[in-house]
Amino acid sequence: MNDTIAAISTSLGIGAISIIRVSGNDSIKIVNNIFKGKNLNLVDSHTINYGYIIENEKIIDEVLVSVMRKPKTFTTEDVVEINCHGGITTTNKVLELLLLNGCRLAEPGEFTKRAFFNGRIDLLEAEAISDLINSKSEKARNIAINQIQGKNSNMIRILRKKILEVIANIEVNIDYPEYEDILVMTNDIILSKIKEIENDIKEILNNSENGKIIKEGIKTVIIGRPNVGKSSLLNNLLDEEKAIVTNIAGTTRDIVEGQILIDGILLNLIDTAGIRKTDDIVEKMGVEKSYNLINQANLIIYILNNNEEMNFEDIEILNKIKDKNYIIVVNKMDLDNKLNIQKLSSIINQDNIVMMCVNQNIGIDNLKNKIKNMFNLEMIETEDYNFLTNARSISILRQCLINITSIYNGIEKNMPIDMVEIDIKKVWELLGEIIGETYQDELINQLFSQFCLGK
């Protein structure tokens with residue numbers, strides 16, 4: 001990490017401005033070699049300087065160059081940002097000149113990676129930068145900003161401090177048993193402190209469920225027989241003609257997707273192929289995909305027609321989804337009733353039934369309200385955004401709970417305190433992995449490889 005890196009930080013394409021970012025010990029010198037204007041080696045830090053990018057005295061572009069000297073920069077290295085006119089040719093030409101003059105093309109996420117290794121940010125804050133870039137709702141943006149500010153990191157550090165105090169007291173008891181003024185770490189005291197830590201971790205995990213919904217949205221799969229109104233419902237929810245709607249069975253053969261916001265939470269809608277027995281190979285593949293999506297969904301909207309009796313497949317699917325989050329839409333309420341609601345209610349919860357006439361846009365608000373109530377969207381706390389939202393951190397916290405169970409088992413079996421301490425230290429180390437106090441190189445490389453170039 002002693003070399004100087006460069007990359008385009010804005011989207012490559014036609015636009016008003018493009019930004020090329022440079023970071024490293026030689027960043028100011030290298031940019032100065034291709035810059036006509038003030039001597040960048042002599043300008044003050046955190047200044048913007050007008051001039052031209054040149055190649056052999058030929059003007060390439062009129063630019064503004066920001067010079068930021070270490071350590072008060074994102075990477076804690078000398079950083080230069082060249083603001084040039086947007087456009088693929090010009091931007092690439094400026095980057096090419098930087099590379100010819102000694103820069104190396106940055107790897108995906110390498111600027112953020114350097115910020116992490118140089119102690120500017122921790123791992124949670126680094127992941128939050130990616131979350132901020134990819135956020136699709138105001139609440140998701142707020143969670144990412146909160147995490148960038150280090151509030152979630154402090155929450156983990158407080159937990160680690162509590163565990164470290166337990167470890168320190170155990171060590172003193174082991175090494176200096178003759179001291180009378182130290183706290184004797186009995187099993188009851190250890191159990192009490194570990195129980196407190198366990199409760200803190202469980203609370204974070206409970207809150208993380210809300211955080212995951214805010215960040216990723218609710219994966220909602222619309223299923224049902226052909227011609228029950230699945231595509232019409234998707235179009236009505238999206239308020240656009242996203243899916244093709246005909247009265248021909250099997251029109252939808254592959255999934256059609258769209259997104260809407262309900263109370264600031266993203267609803268990821270997936271319209272699926274109508275579920276029925278078919279000899280058509282393509283349609284059969286679509287039906288299989290529909291069944292697979294049932295297992296992946298956070299919410300299943302199963303549509304039945306009011307003017308049709310339930311068949312064996314309907315009952316089979318109802319039994320399959322009844323232990324999941326589901327809403328039963330009884331569509332075409334304007335037609336003669338043939339659906340046995342009493343029989344339907346004997347299989348599933350009647351409170352999860354919504355009566356609709358999708359073609360006439362009747363019942364859409366009732367469906368949205370049912371989704372709000374099912375996921376408590378109005379009750380999700382929006383003042384305190386201390387949520388862990390990425391799968392890596394949540395998985396580590398669950399592993400902590402497994403190790404805490406081992407602590408309890410060890411104490412219950414009267415194992416030597418230094419053996420119990422091993423599991424306590426493991427919890428401390430796992431929490432360190434969340435914020436990057438402890439890490440594996442492979443994990444770090446994989447994590448930052450998911451970032452875009454120039455970030």
Side-chain angles (χ1 to χ4, degrees), residues 113 115-128 146-177 179 182-209 211 386-448:
K113 188 177 182 179
F116 167 70
F117 279 124
N118 292 334
R120 171 70 172 76
I121 57 176
D122 63 36
L123 207 51
L124 267 183
E125 292 164 346
E127 290 173 311
N146 190 75
Q147 198 160 304
I148 287 173
Q149 292 174 336
K151 294 180 180 179
N152 291 353
S153 301
N154 290 336
M155 183 170 62
I156 298 300
R157 287 192 176 93
I158 289 170
L159 270 177
R160 293 192 87 214
K161 184 179 178 182
K162 288 181 180 180
I163 296 171
L164 198 58
E165 288 172 356
V166 175
I167 295 171
N169 280 320
I170 290 174
E171 294 284 352
V172 171
N173 275 258
I174 293 172
D175 295 338
Y176 305 101
Y179 284 12
I182 63 171
L183 176 65
V184 178
M185 293 299 287
T186 64
N187 285 350
D188 287 342
I189 293 176
I190 294 175
L191 282 171
S192 174
K193 292 184 177 294
I194 295 300
K195 186 65 179 176
E196 179 185 337
I197 292 163
E198 180 187 31
N199 289 337
D200 289 343
I201 292 174
K202 285 181 176 179
E203 183 178 354
I204 295 171
L205 280 172
N206 287 336
N207 290 337
S208 72
E209 292 301 319
N386 286 331
F387 303 133
L388 293 181
T389 57
N390 66 76
R392 183 188 70 87
S393 299
I394 292 170
S395 175
I396 290 173
L397 284 179
R398 288 185 175 135
Q399 185 61 47
C400 286
L401 292 180
I402 292 172
N403 280 272
I404 285 174
T405 300
S406 297
I407 295 170
Y408 291 151
N409 291 337
I411 291 174
E412 185 179 343
K413 294 175 181 178
N414 289 318
M415 293 178 67
I417 192 64
D418 54 342
M419 296 296 291
V420 174
E421 186 188 11
I422 292 173
D423 285 315
I424 298 175
K425 283 183 176 178
K426 182 60 179 176
V427 175
W428 182 76
E429 290 169 358
L430 284 168
L431 291 172
E433 289 182 17
I434 293 177
I435 54 177
E437 295 288 343
T438 57
Y439 60 85
Q440 297 176 350
D441 289 339
E442 294 83 359
L443 168 68
I444 296 299
N445 292 333
Q446 192 274 336
L447 190 151
F448 286 107

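Throughout, numbering of the chain's residues begins at 1 and tracks the sequence.
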I would like to know whether Ile407 and Leu191 meet side-chain contact (heavy atoms from CB on, under 4.5 Å); could you show each step before the answer? CA-CA 9 Å; Ile407 295 170; Leu191 282 171; 5.9 Å; no

Apply the test side-chain hydrogen bond (donor to acceptor under 3.5 Å, both in side chains) to residues Asp423 and Ser406: give CA-CA distance (whole Å), side-chain angles for both, the deciding distance (0.1 Å), then the verdict. CA-CA 7 Å; Asp423 285 315; Ser406 297; 4.5 Å; no

Between Ile422 and Asp418, does a side-chain contact (heavy atoms from CB on, under 4.5 Å) hold up when you go through it step by step? CA-CA 7 Å; Ile422 292 173; Asp418 54 342; over 6 Å; no

Pair Leu397-Leu430, side-chain contact (heavy atoms from CB on, under 4.5 Å): steps then yes or no: CA-CA 8 Å; Leu397 284 179; Leu430 284 168; over 6 Å; no

Apply side-chain contact (heavy atoms from CB on, under 4.5 Å) to Leu159 and Ile204, showing your working. CA-CA 11 Å; Leu159 270 177; Ile204 295 171; 3.8 Å; yes

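Atom NZ of Lys162 sits about 7.5 Å away from atom CD1 of Ile158, to the nearest 0.5 Å. Here NZ of Lys161 is found 11.5 Å from CG of Asn154. Values are rounded to the nearest 0.5 Å.
For the pair Asn118 (side chain) and Arg120 (backbone), a donor-acceptor distance under 3.5 Å is absent. Panel note: side chain Arg160, backbone Glu429; no donor-acceptor pair is recorded below 3.5 Å.
No side-chain heavy atom of Leu401 sits under 4.5 Å from any side-chain heavy atom of Thr405. Contact of the Lys193 side chain with the Ile189 side chain is registered, since non-hydrogen atoms from C-beta on lie closer than 4.5 Å. Between Arg398 and Ile402, the closest side-chain pair of non-hydrogen atoms is not below 4.5 Å. Looking at Ile404 and Ile201, their side chains come closer than 4.5 Å, going by heavy atoms from C-beta outward. A 4.5 Å side-chain heavy-atom check between Ile424 and Val427 finds every atom pair outside the cut-off. Two residues are said to be in side-chain contact when any heavy atoms from C-beta on lie closer than 4.5 Å; Leu124 and Ile148 fail this criterion. Side-chain contact between Ile411 and Ile194 is absent, with no heavy-atom pair separated by less than 4.5 Å.
Among all heavy-atom pairs drawn from Glu125 and Gly150, the shortest one is OE2-CA, 3.2 Å. Taking both residues in full, the closest heavy atoms of Ile434 and Leu123 are given as O-CB, 3.7 Å, listed atom of the first, atom of the second, then distance. Residue Ile435 comes nearest to Phe116 through the heavy atom pair O-CE1, 4.2 Å, listed as atom of the first residue, atom of the second, then distance. Of all heavy-atom pairs spanning Val420 and Gly410, the tightest one is CG2-C, 4.1 Å. Nearest heavy-atom pair across Ser393 and Glu127 is OG-OE1, 4.1 Å.
Take Lys425 and apply the salt bridge (charged side-chain N to carboxylate O under 4.0 Å, His left out) test, not counting sequence neighbours, and it matches Glu171, Glu421. Partners of Glu437 under the salt bridge (charged side-chain N to carboxylate O under 4.0 Å, His left out) rule, at least two apart in sequence or in another chain, are Arg157.
Taking the charged nitrogens against the carboxylate oxygens, Lys195 and Glu198 do have a contact shorter than 4.0 Å, which makes a salt bridge.
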